[in-house]
Amino acid sequence: MLVLGIESSCDETGVALYDSEAGLLAHRLHTQIAMHSEYGGVVPELASRDHIRRVLPLTENCLAQAGKQLSDIDAIAYTAGPGLAGALLVGASVANAMAFALGKPTIAVHHLEGHLLSPCLADPAPEFPFVALLVSGGHTQLMAVHGIGQYELLGETVDDAAGEAFDKSAKLLGLGYPGGPALSKLADTGDVNRFTLPRPMLHTPNLDMSFSGLKTAVLNLVTQQSPLDDTTRADICAAFQAAIVEVLLKKSLKALKQTGMKRLVIAGGVGANRQLRSALNDAAKKRGFSVFYPPLELCTDNGAMIAYAGAQRLSEQQSAGSFAVKPRWDLASLNCA
Ligand code: KG4
Ligand code: ZN
């Protein structure tokens, strides 16, 4: 079965071809970062218009890379939510129009299910069940994943997502948008012991997290240390990264203990963070659990995870002809009976 996947929930247009026997055949991505950086964040209307410009050329490019024709496609998967309504509608409309013309089914994919299953595109892939730490720009959740469509929410952020805290703190430090990768790069050159920032909700008995106070603490530090020199900026980055990594690590360990599971999967953009990976790898070695990541280029938004999730869902849910997008969509609502 050959599945075309289309991702357009935010500021990346991703297209991919996944074959249920041969694996990932091709994936193409266009990021709108340069376009939005002028405004310091995503401008939804510009995002939608750019998805329209990119999605068909990227699809042609993918087909050419895989040596396939449109007529070879068996189904088209697209991100139906959560995300920006206008941006989602571009992928949904293109997928449904193409599917209608080809007489093939469409599969409406949950963006977070795409992230959650993206480590299955790596080698080795995790077996079920596993604990998943989903850390993207919009979500921070710990889930127990018992199988495809069997997702149990264990805990989540009560305010900002981890990626959002990275981005907002980076903005306070004058590092542009999206600041996560830039903040992380600078943090690697800073002195982690000069400042100590709070670890919100680290010791609460549940698996919920909170990151908005950490961002406020960065704001206070920036105000107190202004004007910032390069060394101070790097030291604040190091303190911020250490705080967020410790919270994510400790809560993940608590989730493994609580569920008795031995596999941990990291998904979403913040999963690309080197310090987080190294802390998790060390803990895994010490405590005897396994940790899995998506291939680095598939940590942030992409079409490959949507094509893959679509292929897993192919036999269960297919439709053609009518569609709706869900800008807000609870992942646990996907659960099979
Ligand atoms: O999963 P994703 O592409 O988008 C959403 O679905 O939200 O994640 C994007 C987020 C952004 O907040 C970005 O700053 C963050 O992931 N990010 C990172 C790194 N690379 C991306 N945060 C920390 N360190 C990184 N290396
Ligand atoms: Zn995402």
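Every heavy atom of this structure was used, including side-chain atoms; hydrogens, water molecules and symmetry mates were not. Bear in mind that the values here come from a model prediction, so they are computed numbers and not experimental data. Both ligands and their constituent atoms are indexed starting at 1 by order of listing.
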- Check step by step if side chain to side chain contact (heavy atoms under 4.5 Å, CB included) holds for H146 and E152. CA-CA 8 Å; H146 302 282; E152 181 192 346; 2.8 Å; yes

- Note on the structure: Under 4.0 Å from one or more heavy atoms of S184, ligand 1 contributes atoms 24 (N)

- Message: Over 60° means perpendicular and under 30° means parallel, so tell me whether F128 and F130 are parallel, tilted or perpendicular.
- Response: parallel

- Item | Evaluation steps, side chain to side chain contact (heavy atoms under 4.5 Å, CB included), between V94 and L56 | CA-CA 8 Å; V94 169; L56 289 177; 4.1 Å; yes

- Query: Under 3.5 Å, N or O to N or O, is F166 touching ligand 1 that way?
  - Reply: no

- Query: When you look at V291 and R263, which way does the side chain to side chain contact (heavy atoms under 4.5 Å, CB included) test go after all the steps?
  - Reply: CA-CA 6 Å; V291 56; R263 284 179 284 268; over 6 Å; no

- Task: Identify the protein heavy atom lying closest to atom 21 (C) of ligand 1, giving its residue, its atom name and the separation to 0.1 Å.
- Result: G269 O, 3.4 Å

- Message: I'd like the name of whichever of K185, E12, H111 reaches closest to atom 6 (O) of ligand 1 through any heavy atom.
- Response: H111

- Message: Take a 6.0 Å sphere around CZ of R49 and say whether it holds more than 12 heavy atoms from other residues, nucleotides or ligands.
- Response: no

- Kindly assign one of parallel, tilted or perpendicular to the pair Y177 and H36, based on the angle between their ring planes and the thresholds 30° and 60°. perpendicular

- Message: For V42 and L84: C-alpha separation, side-chain torsions, deciding distance, then whether side chain to side chain contact (heavy atoms under 4.5 Å, CB included) applies.
- Response: CA-CA 10 Å; V42 178; L84 302 170; 3.9 Å; yes

- Report yes if G180 has an N/O atom closer than 3.5 Å to an N/O atom of ligand 1; otherwise report no. yes

- Query: Which atoms of ligand 1 are found less than 4.0 Å from any heavy atom of G163?
  - Reply: 12 (O)

- Message: Using a plain distance cutoff, I'd like to know if G137 has any nitrogen or oxygen under 3.5 Å from a nitrogen or oxygen of ligand 1.
- Response: yes

- Item | Reference residue I306; test side-chain contact (heavy atoms from CB on, under 4.5 Å); the match among I107, L117, T79 | T79

- Closest approach to the Zn ion (ligand 2) by D301, given as the N, O or S atom name: OD1

- Item | Gap separating the CZ atom of F166 from the CG atom of D160, nearest 0.5 angstrom | 13.0 Å

- Task: Using a strict 4.0 Å cut-off to heavy atoms of H115, name the atoms of ligand 1 that fall inside it.
- Result: 1 (O), 6 (O)

- Atom indices of ligand 1, in the order listed, that fall short of 4.0 Å to a heavy atom of G138: 7 (O)

- Message: Tell me the closest heavy-atom pair linking C299 and A272, and the distance in Å.
- Response: SG-N, 3.9 Å

- Query: Which protein heavy atom lies closest to atom 23 (C) of ligand 1, and at what distance to 0.1 Å?
  - Reply: N273 ND2, 3.6 Å

- Within reach of ligand 1, part of H139 (heavy-atom separation under 4.0 Å): neither

- Task: Could you tell me whether the Zn ion (ligand 2) has an N, O or S atom of C10 under 2.8 Å away?
- Result: no

- Item | Contact check: H139 to the Zn ion (ligand 2), N/O/S below 2.8 Å | no

- Which is closest to atom 4 (O) of ligand 1 in terms of heavy atoms, D301, I244, D167? D301

- Query: Going by the atom numbers of ligand 1, which of them fall below 4.0 Å from some non-hydrogen atom of T300?
  - Reply: 3 (O)

